[in-house]
Undergrad: 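Have a look at the structure that comes next, please.
Lettering follows sequence order; numbering is per chain, from 1.
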Amino acid sequence: MATASPSVFLLMVNGQVESAQFPEYDDLYCKYCFVYGQDWDPTAGLEEGISQITSKSQDVRQALVWNFPIDVTFKSTNPYGWPQIVLSVYGPDVFGNDVVRGYGAVHVPFSPGRHKRTIPMFVPESTSKLQKFTSWFMGRRPEYTDPKVVAQGEGREVTRVRSQGFVTLLFNVVTKDMRKLGYDTGPSDTQGWSGPNPPQRFPQ
Amino acid sequence: MNPREEKVKIITEEFIENDEDADMGRQNKNSKVRRQPRKKQPPTAVPKEMVSEKSHRGNRQEPVQEEPKTHLLSMTVRRGPRSLPPIPSTSRTGFAEFSMRGRMREKLQAARSKAESALLQEIPTPRPRRLRSPSKKELETEFGTEPGKEVERTQQEVDSQSYSRVKFRDSARKIKPKPQVPPGFPSAEEAYNFFTFNFDPEPEGSEEKPKARHRAGTNQEEEEGEEEPPAQGGGKEMDEEELLNGDDAEDFLLGLDHMADDFVSVRPADYESIHDRLQMEREMLFIPSRQTVPTYKKLPENVQPRFLEDEGLYTGVRPEVARTNQNIMENRLLMQDPERRWFGDDGRILALPNPIKPFPSRPPVLTQEQSSKAELETLYKKAVKYVHSSQHVIRSGDPPGNFQLDIDISGLIFTHHPCFSREHVLAAKLAQLYDQYLARHQRNKAKFLTDKLQALRNAVQTGLYPEKPHQSLDTIQKTINEYKSEIRQTRKFRDAEQEKDRTLLKTIIKVWKEMKSLREFQRFTNTPLKLVLRKEKADQKADEEAYEAEIQAEISELLEEHTEEYAQKMEEYRTSLHQWKAWRKAQRAKKKKRKQAAEEHPDDEIAEPYPEEDLVKPSPPEPTDRAVIEQEVRKRAAQSRRRPWEPTLVPELSLAGSVTPNDQCPRAEVSRREDVKKRSVYLKVLFNNKEVSRTVSRPLGADFRVHFGQIFNLQIVNWPESLTLQVYETIGHSSPTLLAEVFLPIPETTVVTGRAPTEEVEFSSNQHVTLDHEGVGSGVPFSFEADGSNQLTLMTSGKVSHSVAWAIGENGIPLIPPLSQQNIGFWSALKKADAISSIGTSGLTDMKKLAKWAAESKLDPNDPNNAPLMQLISVATSGESYVPDFFRLEQLQQEFNFVSDQELNRSKRFRLLHLRSQEVPEFRNYKQVPVYDREIMEKVFQDYEKRLRDRNVIETKEHIDTHRAIVAKYLQQVRESVINRFLIAKQYFLLADMIVEEEVPNISILGLSLFKLAEQKRPLRPRRKGRKKVTAQNLSDGDIKLLVNIVRAYDIPVRKPAVSKFQQPSRSSRMFSEKHAASPSTYSPTHNTDYPLGQVLVRPFVEVSFQRTVCHTTTAEGPNPSWNEELELPFRAPNGDYSTASLQSVKDVVFINIFDEVLHDVLEDDRERGSGIHTRIERHWLGCVKIPFSTIYFQARIDGTFKIDIPPVLLGYSKERNMILERGFDSVGSLSEGSYITLFITIEPQLVPGESIREKFESQEDEKLLQATEKFQAECALKFPNRQCLTTVIDISGTTVFITRYLKPLNPPQELLNVYPNNLQATAELVARYVSLIPFLPDTVSFGGICDLWSTSDQFLDLLAGDEEEHAVLLCNYFLSLGKKAWLLMGNAIPEGPTAYVLTWEHGRYLIWNPCSGHSYGQFDIFCPLKNVGCLIGPDNIWFNIQRYDSPPRINFDVTRPKLWKSFFSRSLPYPGLSSVQPEELIYQRSDKAAAAELQDRIEKILKEKIMDWRPRHLTRWNRYCTSTLRHFLPLLEKSQGEDVEDDHRAELLKQLGDYRFSGFPLHMPYSEVKPLIDAVYGTGVHNIDVPNVEFALAVYIHPYPKNVLSVWIYVASLIRNR
């Protein structure tokens, strides 16, 4: 495996969709999926997932905890189109209809290590007051045609959104052969050994 | 003071401690609260407490006065509560805490103010004072009065300190009334306090409360233990503090406090007096003053405000803030944060420059509503034809090439050249110095300055002794002073100049000496230079006198200066001494000593706190020792001036010297000279970086001068951007090397030929040359010294003498292009003082004007905004540095290029990435671009490169005839331009593209949905629900399937027995049918007799092929088979791209072929018949149906009965109607000819078809008409949304055109009219056939579903390809010219979908023409593919179908009835008489018969080759005899249009080829290119026969129609010899 000149680099992401802060809503579940460029290919793990429904905690934090694991490995030849995770959160509204509660996206962290990300979530707004009412009444809120649009910039100018809450994600990122291919993403001092963790400092 | 501070500190500590305590107490709160009910203590003890504390606060403020009295008491009191758990209250803590902080602050304030007031007086430390208890009264009064004073002060100056002072005043007020109240009548407050404190004993001091609460905690002992040490450690201060803080006499008088919890507390209503409230507010709130804060408060102490602006630094404009607001802010800041870090050096609040633009960028608010509407209305302006113009092109209207620039290149001199010998180097230096000398001599600055000096001296002389005494003395003195200072200045300059002159002369002589020594040393001379020093003997006496006089004058001047200086100093001294004396008198008492010291050691004085410079003993500054000055002056004069006894030296450089001839020179020198001879130089003239001309190549002279003397007249069109000369040097016969580039300035417009001076421009090159002879080389160090020291490095350099000027025309007008547009724009921009950044563009011709303007407008030179302008002006006025004549946009780009462009372009990976990002179709979906170049295969690009090549090359192989090739290329270009045009439009997203949103339901939908609630869950007749549409983006290979459901077919041709006249029952290969055939040769059209015998007439099956996938059904039997089978074919998008655009352009076609399965018995021996069956299956093609994928894609599903395309001749099969079958299909059979198949085709999952373009196109139509069309369309769409209504279309150049403009009678080819001169009907059919022969090319395929482009009929005929509408328009125009009543009919048909047909009115009935097939149908023909009618279009009107039904048999085509047809032009909007876009007349060229024949041969050859290719495992024999027979037959077919020839043909064939079993058929198609022909032949499957002795026949016939419309007939047949 330790070839002198690898032809791809690997990016392994594991972590979890930890929790969310949606002050006004309860009983939410979330979906995640990855959006990545043409040079990327998932080699292992799940690209998409849908979580259980969680209710708010009873304490003051009112956190919605999913702890939904993410574990996926990509291979790529080009950092262009670095994977983004797209989250969409759904939950029942007053009438029990399942409506979207938020969309959000964030790039998988570039540098190896443990990263925590808090993504603000938003939903598209109705185009008019009347539509807002009817969508509320009918339980058919405006949704993106494809949640993946939140990872792209194209065509967003026609939409209006409203902020809803936050989702906290935890990533553990491991990369392989990035440096060999000339992409230096890690901290500068981790030339020979990666990170201050004692177990990794053992001579190999 | 120290002790006091200490006290304050301690207090603070304690407060902090107490705060902590309070926190702890809060934590204990719950338990306490629980305890409350048990103790019957009302939980609402709060307000009472608050009140009580407030009342105490007054007392608290005078901390000391009562303390001695209560000191002991308080101790006891404290003991009490400590042992008792006090009653807790929730909010008390909060308040206590708060009040504690407040009090602390107050105390701090108080302490500070007191410290200030008591600055000078020694105040006894509080500790002793407190201990001294009896003195309390004094203290009380003292404190009582002192706040009083303070009050007065605060009233005067409302300041930050007022806050605390107010406190004092209040407290003072509170204390005072107390004693005045009679003992029997306590004040309201006191009384109140009295009662409240009765029942709530513990709050004797807010300080104590937390402690008390502590004690209330669970472990008292511990708490106490904790509590005590600080109490002891802190000493008495703490206790005092406690007492300070609001101990009241009443509290201590009550001894009952420990009993408190036994009492039921009765509390008064919550009330706060207004005073209390006010006081509280005052305590808590701070109202900043509006008065200006004095500067010293805002600055650190003893710092003077510093005004940066006065110092000349740019500070920017501060944002405007009202003065009062600023004051408030300053007060607030001073209050909150005494560190003053908010204030700048100038004592103002730090502020950034104003970010607000001075000009509003928002449009002005409109005052009236109407006008606002008018403003918002869009104005339509027609597009103006765009005339290409570049800014560099002078003007399109001007005659180009009229301007002329004359460049005169006279010569070139090298100041250094690699071939220079050392002597040359010196010579060059000498020449340079001499030039300098000459220049200086010419200017003769020294002389000028001397004269000036003289003049000034004279002026002073006359000024001092004025002849006109009436002038005021003052002014004279002033002018004289000015003169004197000028004299000084001038003298300095003159001295410097003289010195320079002298040094220059010295250097010249030195260099000359060096040169001479060098010549001597090397014993030869290289240069003719010769320096002659001419001595000019002057009159020594006069000279000496002048010299002396000069020196004397100077000395006297200097003396004068010195005396002046001295006098001034004395004056200064005197005044300061006077001052000092006065001051000394004032300070006499103790400063005597110091004065002494000052006199003794004047230097020490400076160290004194008040330095007094006047004490410097003014030693009269060197009583101007004349001798010293004289010495100095003489010394200087000797240095810089020619001494009087010296002769004036005038160097003269001449070329009179002789150069040593070659034969007397050493070898190295000779080789050097040889080398020089070999060299030649020429110049290239570059205008705007393009070489325009070059000089002749001239050899380099021995003196390194090149004379050109050439004048170049540049006829120019463009405004000159740059003018460059490139110096090239050629050595021998090698290629020239670029030495240097010389940039010539573009002459000003005033410089014209004849007036331009010859200028010299220096150049230098950075080349490094080392030579192996005497030449010193270039860019390499060399030395004159033998030891190699003093190294010199010289670069090749030189001068070009030239002149550039504008030429003058014949009439004396200079040929100068006008200032280009950009310069004008620049000037106007400059006037607005905006967009200065545009400076740097060329053509800034007048710098002086700019500088003047800048001076006039008083630009702030320090403003960063003006920096570039200022720099420019400074550069321009000083004229020193180089003014860039360009403006660089990305000046850093170069630095960021990590690799050169060539290298980047060479990288395959980069190329791949680049192409992919450009969305080149081949690479659009390229996945995983490899990391390294080496991993990218070259073949990746092959297809793409091939395509790029092909774009430019007209490939005749594919198209065979060149016209079509050109057309194809043209179409490709149109397609590309259109696509580029729409790519932009595609970027616009609509909300619906991004967001799924329910539409606002109107009342009916709401009602329906309500109604739905009551709907049955499982209705008896369920409605068909639409499938969910899938957006194309998230699809991949294999996701999409094409479903073809083949239901049944009607009227399949049936087999005929092999009707050979020579038929013999064959032994081996007989057809099954024949075997049972009753009669071998009854050539009868009906097989009635056969059928009952179980004879199978035909065993058809259907094969569907799509994208090289083939599926077929089972075999059914009989001419009316019913399969009812569903076939599933996978669909693959090109390049794996499933985007809408890509799917739209899929050109694949679904072929549905109907075959007859024939079983042949191949048993060799009849005897074996009983034991085995050996049959061979043959399949015979019967016909096909072609449906393009694009149709399926856009229609989503295709459902209907289609006519099978059956060749006109199908040997072995008969199309005759079977009488038996007709019973079942009466209407079908009787009305139609041909066979039909019922199909249902769809795509699974359903794809969302691409949407038509949303862009609105520009139009040449009248605006009113366009509005009317929109209105009309909207009205129609409202009534019948499904009916097609067309009013405007887009022509091939992308503009909107009203549709009726397309219809106009146009002449059909005369050739066609001549065929049936009398039969109109036949002519019409012929014309229709002609139109149908023009190849069909759907727009949607070529233009990616973007839009439907309508080309005019002549364009259509030129392109020879078009859509339904082009065919229909042409056919309709022909019919109109034939005199028929004809309309364009827009509607829906199968399988085309929305399409255009032609409707004609003939002999009392309507005929519907399919323009693409040339067939006509009656209105009531069921098999008419047209299914519904949207609108009719005539040459002058549009009628929309507003009838209830829209299928042709059910509607009335009478357009005159307004109830049935809504017309576009009506009485309200009359037809304006629109001109047609069609040409006046169509011109037809006769087709080239020879070319057609050639094409025919080529196609035949290609097809034959193909058939052989398709049969790789078998031998393909060609039956020539049969081929020739077929070839003769094909023209007949063309003539008869494929009808009614079968029988004759059959007969003939039988006659000629009797021995063969023959199966074959002619195919007929319009010709577009070869590929469809090949596909068609392949589709028949003729080549699939693998009988060993099979032979083939293939004939091609091309019938040319006018305008190169070709009708192609291909006859394919297979023959099997009957043995």
Side-chain angles (χ1 to χ4, degrees), chain A residues 5-9 33 35-41 43 48 74-81 99-100 103 123-150 152-161 177-178 180-183, chain B residues 898-899 907-910 912-917 919 923-936 983 985-1003 1005-1006 1008-1010 1012-1013 1028-1036 1135-1137 1139-1140 1248 1254:
Chain A
S5 55
S7 60
V8 289
F9 65 84
C33 59
V35 176
Y36 42 85
Q38 286 176 316
D39 297 324
W40 291 77
D41 195 20
T43 55
E48 288 180 313
F74 294 98
K75 75 170 182 195
S76 171
T77 58
N78 189 357
Y80 177 73
V99 297
V100 67
Y103 293 104
V123 288
E125 277 277 84
S126 297
T127 40
S128 67
K129 283 258 160 65
L130 179 61
Q131 287 207 318
K132 192 168 183 161
F133 172 73
T134 53
S135 65
W136 172 81
F137 188 72
M138 317 260 290
R140 306 284 294 268
R141 310 277 173 97
E143 288 182 22
Y144 281 120
T145 48
D146 184 357
K148 290 179 178 177
V149 298
V150 300
Q152 293 152 1
E154 225 178 22
R156 294 273 282 275
E157 73 275 10
V158 298
T159 64
R160 294 180 303 162
V161 298
D177 290 341
M178 285 276 282
K180 278 186 192 160
L181 292 176
Y183 303 115
Chain B
F898 54 92
V899 72
S907 162
K908 277 187 271 182
R909 181 167 194 255
F910 172 72
L912 200 57
L913 290 170
H914 189 65
L915 288 170
R916 186 175 69 180
S917 79
E919 303 216 320
F923 305 104
R924 196 181 296 152
N925 291 299
Y926 199 92
K927 297 232 161 82
Q928 296 257 342
V929 174
V931 182
Y932 298 109
D933 265 4
R934 59 169 187 271
E935 289 171 19
I936 299 171
L983 270 181
K986 268 180 78 183
Q987 301 294 324
Y988 302 134
F989 282 86
L990 287 190
L991 185 71
D993 300 332
M994 302 296 294
I995 288 176
V996 187
E997 188 176 24
E998 292 282 293
E999 277 177 34
V1000 175
N1002 56 25
I1003 196 70
I1005 294 174
L1006 266 180
L1008 266 177
S1009 61
L1010 282 176
K1012 255 185 202 161
L1013 293 174
K1028 203 190 169 208
K1029 290 185 179 179
V1030 177
T1031 42
Q1033 50 203 4
N1034 39 16
L1035 292 170
S1036 59
N1135 300 321
D1137 180 6
S1139 67
T1140 317
V1248 178
R1254 292 185 280 260

Undergrad: Judged by atom type as modelled, is there a donor-acceptor pair below 3.5 Å linking the side chain of Thr77(A) to the main-chain atoms of Val929(B)?
TA: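 Yes; judged by distance alone, with no hydrogens or angles, the pair exists.
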Undergrad: Side chain from CB out, backbone as N, CA, C, O: work out which of these in Tyr183(A) comes under 4.5 Å of a heavy atom of chain B, or both, or neither.
TA: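 The answer is the side chain of Tyr183(A).
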Undergrad: Between chain B and each of Val149(A), Thr127(A), Val8(A), Asp41(A), count heavy-atom pairs under 4.5 Å; write down the option with the most.
TA: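 Greatest number of close heavy-atom pairs with chain B: Thr127(A).
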Undergrad: Just give me the residue among Ser76(A), Gly81(A), Gly182(A), Ser126(A) that pairs up with chain B most often, heavy atom to heavy atom, under 4.5 Å.
TA: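 Answer, by heavy-atom pair count under 4.5 Å with chain B: Ser126(A).
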Undergrad: What residues form a side-chain contact (heavy atoms from CB on, under 4.5 Å) with Phe910(B), not counting sequence neighbours?
TA: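 Counting only residues at least two positions away or on another chain, Phe910(B) forms a side-chain contact (heavy atoms from CB on, under 4.5 Å) with Leu904(B), Asn905(B), Ser907(B), His914(B).
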Undergrad: Is Ser135(A) close to chain B through its backbone or its side chain, or both, or neither, when contacts mean heavy atoms under 4.5 Å?
TA: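 No part of it gets close to chain B.
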Undergrad: Using non-hydrogen atoms only, which part of Lys75(A) is less than 4.5 Å away from chain B: side chain, backbone, both, or neither?
TA: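 For Lys75(A), the contact with chain B is made by backbone and side chain together.
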Undergrad: Say you draw a straight line from CD of Gln928(B) to OG of Ser7(A); how long is it, rounded to the nearest 0.5 Å?
TA: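 Gln928(B) CD to Ser7(A) OG: 9.0 Å, rounded to 0.5 Å.
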Undergrad: Within a reach of under 6.0 Å around CZ of Arg156(A), are more than 12 heavy atoms found that belong to other residues, nucleotides or ligands?
TA: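 Enclosed.
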Undergrad: Please check: side-chain N/O of Glu143(A) versus main-chain N/O of Val996(B), any donor-acceptor pairing under 3.5 Å?
TA: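 No, Glu143(A) side chain to Val996(B) backbone: no donor-acceptor pair under 3.5 Å.
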Undergrad: Nearest 0.5 angstrom please: Leu913(B) CG to Asn78(A) CG, how far?
TA: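 Those atoms lie 5.5 Å apart.
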Undergrad: Quick one, Tyr932(B) with Leu181(A), criterion side-chain contact (heavy atoms from CB on, under 4.5 Å). Give me CA distance, side-chain angles, the key distance, then yes/no.
TA: CA-CA 9 Å; Tyr932(B) 298 109; Leu181(A) 292 176; 3.0 Å; yes
Undergrad: Check salt bridge (Lys or Arg N to Asp or Glu O under 4.0 Å) between Lys908(B) and all other residues, then give those that pass, not counting sequence neighbours.
TA: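 Lys908(B): salt bridge (Lys or Arg N to Asp or Glu O under 4.0 Å) contacts with Glu938(B).
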